[in-house]
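Heads up, the thing below is written out as structure tokens.
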Amino acid sequence: MDDAKKLEEFQVKIDAEIKIEPKDWMPEDYRKHLQRQISQHAHSEIIGMQPEGNWLLRAPSLRAKVVLLAKIQDEAGHGLYLYSAAETLGKSRTEYLDELKTGKAKYSSIFNYPTLTWADMGAVGWLVDGAAIVNQVSLQRTSYGPYARGMVKICKEESFHQRQGYEIIADMAKGSPEQKEMAQDALNRFWWPSIMMFGPHDSDSPNTGNAVKWKIKRATNDQLRQSFIDKTVHQAELIGLTIPDPDLKWNEERGSYDFGEMDWDEFWSVVKGGGPCSKQRLKHYNDAHNNGEWVRKAAKAYAEKQNSKQKVA
Ligand code: BYC
């Protein structure tokens, strides 16, 4: 069958909501698109452990520490599912990780901001995981089978993450005036970076066209951002916090909130590696990877020993 015919059949499958599986024929651009998106997603989960790891040893109670630790471990698990899904596209985990180590690969801009207070653990869970869920719920229906199935499990865990963050911020918002101030300050610092997680406006998003045609994306950047804002404003009101956007206003006609413009210079600078913590995040990842060399060597030596024992037997 020639490529034009294969392409036509591929699109028919996509339009009929039939999942594409690793051994199915797929256009090279579809494969590359997914390799890029799934690996960036995996890197985000792994780098995303750092801002929260910063507070593990300073959590204010044993319960808070245990819950935060469980959440961070979940993020590691998400990264591993996603690398496995990305590997089914014919590129090895080592290659993906090399791209992360050298700074060639992108990961979500949000993780290049510092977590300065305990209230930031609330803001990260509530807003960052909240934004991640809105995106990932739609990705459960993405056209590539391994990615869609990975998302189902990830979404279940993310909703626990969102609730743990909301609990922290809600407790602080009803605490002492200083605690309420910390909660508001965390919201002020994390609001705009969180809504930037959805990426550029659709009109400035070069990947959206193909992503929608191939049903990799089931909703566009702007649609998902709007859905997140509409959900979150009410949650802020419930706990007496104010979204730091003077242009935020309910639009009766659209049945949605109107909101202010993001600082796109800041967004692109962070995406290109100029975020407040970009260098620190990459260095920490590389240091951890290098420090783990002895574990990888030991595991390899053990596997070789087991293999040679089996051969002898
Ligand atoms: N940050 O054409 P566009 C989590 C890049 S982590 C950095 O719209 P696309 C969690 C984009 O990659 C949640 N870069 O791209 C973990 C593209 O560059 P390239 C992570 C961004 O792919 C721990 C260029 O800008 N979630 O759950 O159609 C703790 C043009 O953009 C960003 C995912 O990764 C950004 N914010 O749409 C807590 C979900 N935005 O690659 C939580 C999966 C854009 O062409 N990914 N760029 O050089 C997606 O849904 C899509 O990839 C995006 C971007 C919506 C992020």
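Along the sequence shown, the residues carry numbers beginning at 1. Note that ligands are numbered from 1 as they come in the structure, with each ligand's atoms numbered from 1 the same way.
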Next on the checklist: Whether Asp98 and Lys101 form a salt bridge (side-chain N of Lys/Arg under 4.0 Å from carboxylate O of Asp/Glu) is what I want to check.
Outcome noted: yes

Next on the checklist: Just to be sure I read this right, does ligand 1 sit under 4.0 Å from the backbone of His41, its side chain, both, or neither, counting only heavy atoms?
Outcome noted: both

Checklist entry - For Tyr302, what are the other residues in its hydrophobic cluster, where any two members join if their side-chain heavy atoms are less than 4.5 angstrom apart? => result none

Item to check | Heavy-atom nearest neighbour of atom 55 (C) of ligand 1 within options Phe198, Phe267, Trp268 | outcome: Phe198

Checklist entry - Relative to ligand 1, is Val270 under 4.0 angstrom through side chain, backbone, both or neither, heavy atoms considered? => result neither

Checklist entry - Which option, Ser138, Gly79, Gly130, Pro200, owns the non-hydrogen atom nearest atom 44 (C) of ligand 1? => result Pro200

Checklist entry - Which part of Val271 is near ligand 1, with near meaning a heavy atom under 4.0 Å away: side chain, backbone, both or neither? => result side chain

Checklist entry - Between Glu52 and ligand 1, is there a nitrogen or oxygen pair with a distance under 3.5 Å? => result no

Checklist entry - Regarding His43 and Glu99, is there a side-chain donor-to-acceptor distance under 3.5 Å anywhere? => result no

Next on the checklist: Run Asn54 and Thr115 through side-chain hydrogen bond (donor to acceptor under 3.5 Å, both in side chains) and show every step you take.
Outcome noted: CA-CA 7 Å; Asn54 181 34; Thr115 44; 3.2 Å; yes

Checklist outcome for this item: Closest to atom 9 (P) of ligand 1 by heavy-atom distance, out of Met49, Lys217, His78, Met197, is Lys217

Item to check | Nearest option to atom 6 (S) of ligand 1, as decided by whichever heavy atom of Ala105, Ser44, Ala132 sits closest | outcome: Ser44

Item to check | Close N or O approach (Asp129, ligand 1; < 3.5 Å) | outcome: no

Checklist entry - Among Ser109, Ser194, Ala219, Gly209, which one has a heavy atom closest to atom 36 (N) of ligand 1? => result Ser109

Item to check | Candidate with minimal heavy-atom separation from atom 50 (O) of ligand 1, of Leu127, Asn135, Asn112 | outcome: Asn135

Next on the checklist: For residues Leu139 and Leu89: do they belong to one hydrophobic cluster (side chain heavy atoms under 4.5 Å, members Ile, Leu, Val, Met, Phe, Trp, Tyr)?
Outcome noted: yes

Item to check | Any N/O pair Gln40/ligand 1 closer than 3.5 Å | outcome: yes

Checklist entry - With a cutoff of under 4.5 Å between side-chain heavy atoms, which Ile, Leu, Val, Met, Phe, Trp and Tyr residues group with Val66? => result Leu62

Next on the checklist: Does only the side chain of Arg36 get under 4.0 Å from ligand 1, or the backbone, or both, or neither? Count heavy atoms.
Outcome noted: side chain

Checklist outcome for this item: of all protein heavy atoms, closest to atom 48 (O) of ligand 1 is Lys106 NZ, 2.6 Å

Next on the checklist: Testing the 3.5 Å rule here: is there a donor-acceptor pair between the side chains of Tyr81 and Lys153?
Outcome noted: yes

Checklist entry - Does ligand 1 have an atom under 4.0 Å from some heavy atom of Pro206? => result yes

Checklist entry - Looking at ligand 1, does any of its N/O atoms fall within less than 3.5 Å of an N/O of Lys71? => result no

Checklist outcome for this item: Paired with Lys71, the salt bridge (Lys or Arg N to Asp or Glu O under 4.0 Å) test is passed by just one of Glu52, Glu158, Glu167, Glu157, namely Glu52

Item to check | Flag: protein heavy atom within less than 4.0 Å of atom 42 (C) of ligand 1 | outcome: yes

Next on the checklist: Would you say that more than 12 heavy atoms from the other residues, nucleotides or ligands in this model lie under 6.0 Å from the CD of Gln306, or not?
Outcome noted: yes

Next on the checklist: Considering both backbone and side-chain atoms of Ser205, is one of its nitrogen or oxygen atoms within less than 3.5 Å of a nitrogen or oxygen in ligand 1?
Outcome noted: yes

